[in-house]
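From a predicted model like this one, the values you see are computed outputs, not experimental measurements.
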Number of protein chains: 2
Amino acid sequence: MNPPNTHPFPDPTRKRLLQAALDVFAEKGFHDATVRDICARADVNAASVNYYFRSKEALYSEVLAAAFRETHERYPDTLACDSSLPPEVRLRQFIANFLARLLDETHLGRHGKLIAREIADPTAALDQVIESTMKPRCALLQGIIAELVGPGVSEADMHRLGLSIVGQCLMYRHSRSLIDRLCPEIIATPEEIEKTAEHIARFSMAALRHLSAGEAGP
Amino acid sequence: MNPPNTHPFPDPTRKRLLQAALDVFAEKGFHDATVRDICARADVNAASVNYYFRSKEALYSEVLAAAFRETHERYPDTLACDSSLPPEVRLRQFIANFLARLLDETHLGRHGKLIAREIADPTAALDQVIESTMKPRCALLQGIIAELVGPGVSEADMHRLGLSIVGQCLMYRHSRSLIDRLCPEIIATPEEIEKTAEHIARFSMAALRHLSAGEAGP
DNA sequence: AGATGATTGAAACAATTGTTTCAATCAAAA
DNA sequence: TTTTGATTGAAACAATTGTTTCAATCATCT
């Protein structure tokens, strides 16, 4: 009646399936990925997806949740969360961490690709991820920004500030195709990625610090 | 042998097909869109796609090229190109224009969606579009930035500056799913979109102006 | 009117998809 | 060893896909 759950632990084929599915989904997206391809890479029978997960869609949901969990474990926002540190340091950390998460190709950069796909073309699984992962991260960033710009900023403008920072980071993932074709060198090596993170941090901090000062145009 | 081209002008069914294809491709993406759906919306026979265009892929290419052409016509960068204007004004114009293009829902906002899809998940058609549309626009932005920050900035950092500005704008298209769920009000009306464009311009100008000044930390 | 050739319509085709089926196999308990 | 139930494997299924076919229709020119 309920074969998969009778198992004490996720067995090797189930694990291999999840790993292969992450690869294929990240590379081709949900619809372009085929169950047969996933099973072939996992070296298991084509019926296994429907045996261990009840459908391709359920497999995708689980892969997506796992991707968020793993990137969060691998790049925890511990320093950015430390409210005893000065906000400049915390923002720098937040950005560097965010960018590293997005551009990670070592562990398995599939995570970033998968998440970018989900944002660009959401499935039903997105809402759950927003609640569990994105909202907390958003609140963290808003807190840091509030420390930097002080009070007197409307809620809408606080959101815009956050999006200006996040947007700069996401650019390197969502528009990776453009960067690869226009200026691949700026994220070619870990050192260059670090420089890029530093650039975004300095750019954003300069903006946050001098925004209220230069209200009027020249 | 060559029936479609014998026609003096693109006929109504061909036009309707292009229009319907833009809608469907923008809404569902290339692969999720079906030829039958496109033909149904255009109210033509299912074989018409292969009659007027030789395949679904060729139809997509033509739709994509048309989308870029039309947005360019509708939102020309005339003011941003006018090098007699001060660079602050030109940047503000560039950003407002860029954002308006991305968020246009009136004419047929399908353009923005379609282009965002193509960037996030490129097909073979992207390279041609980069050459014809993106590189010139990039050069324009680089020129404006150069005027604002002066010489002494490496080419890599010039690219990073451009991407920081473009990234802020693209955020509102690529991550529209997040904005709709987290803070839809900031682009709910044309007035709010205008405020958002103004925010990005002020944020970026403050950063560009004070970036070199604040090299060291606090 | 008649002929020509482009266009349309309905059906069929071939390939691919996610899913299901069911007998064969394996591991562990009795 | 026998039995039980989970797992695997190969095949088949049903639905959907882009594409092709071909006769019917339409517009245009002689």
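Among the heavy atoms of the strands, none lies under 4.0 Å from Ala58(B). At the heavy-atom level, Ser55(B) lies under 4.0 Å from the strands shown only through sugar-phosphate atoms.
The distance from atom CG of Asp37(A) to atom C1' of dT19(C) is 17 Å, rounded to the nearest whole Å. Rounding to whole angstrom units, NZ of residue Lys28(B) and P of dG18(D) are separated by 11 Å. The distance between atom CZ of Arg14(B) and atom C1' of dT8(C), rounded to the nearest whole Å, is 17 Å. Straight-line distance from the CZ atom of Phe53(B) to the C1' atom of dT20(D): 18 Å, rounded to whole Å. Going from atom CZ of Phe25(A) over to atom C1' of dG18(C) covers 11 Å, rounded to whole Å. Rounding to whole angstrom units, CG of residue Asn45(B) and P of dC26(D) are separated by 15 Å. Rounded to whole Å, atom C1' of dT17(C) lies 8 Å from atom NE2 of His31(A). Atom pair Tyr51(B):OH and dT21(D):P shows a separation of 15 Å (rounding to whole Å applied).
Within 6.0 Å of the CD atom in Gln128(A), the count of heavy atoms belonging to other residues, nucleotides or ligands does not exceed 12.
Both the sub-6.0 Å distance and the 45° axial angle are not jointly satisfied by Lys113(B) relative to the ring of Phe25(B).
A close approach under 4.0 Å does occur between a side-chain nitrogen or oxygen of Thr13(B) and OP1 or OP2 of dT8(C). In this model, the phosphate group of dT8(D) is approached by a side-chain N or O of Tyr52(A) to a distance below 4.0 Å at OP1 or OP2.
Ranking dT21(D), dT19(D), dA10(D) by closeness to the Ala47(A) side chain, first place goes to dA10(D).
Checking Arg36(B) against Asn50(A), the closest nucleotide of DNA chain C that is more toward the 5' end is the one next to Arg36(B).
Under 4.0 Å is where a charged nitrogen must lie from a carboxylate oxygen, and between Glu192(A) and Arg160(B) at least one such pair does.
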Next on the checklist: Would Asn45(B) and Tyr51(B) count as a side-chain hydrogen bond (donor to acceptor under 3.5 Å, both in side chains) here? Give the steps.
Outcome noted: CA-CA 10 Å; Asn45(B) 187 267; Tyr51(B) 181 72; over 6 Å; no

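Note that the CG atom of Leu126(A) and the CD atom of Glu118(A) stand 5.0 Å from one another [nearest 0.5 Å].
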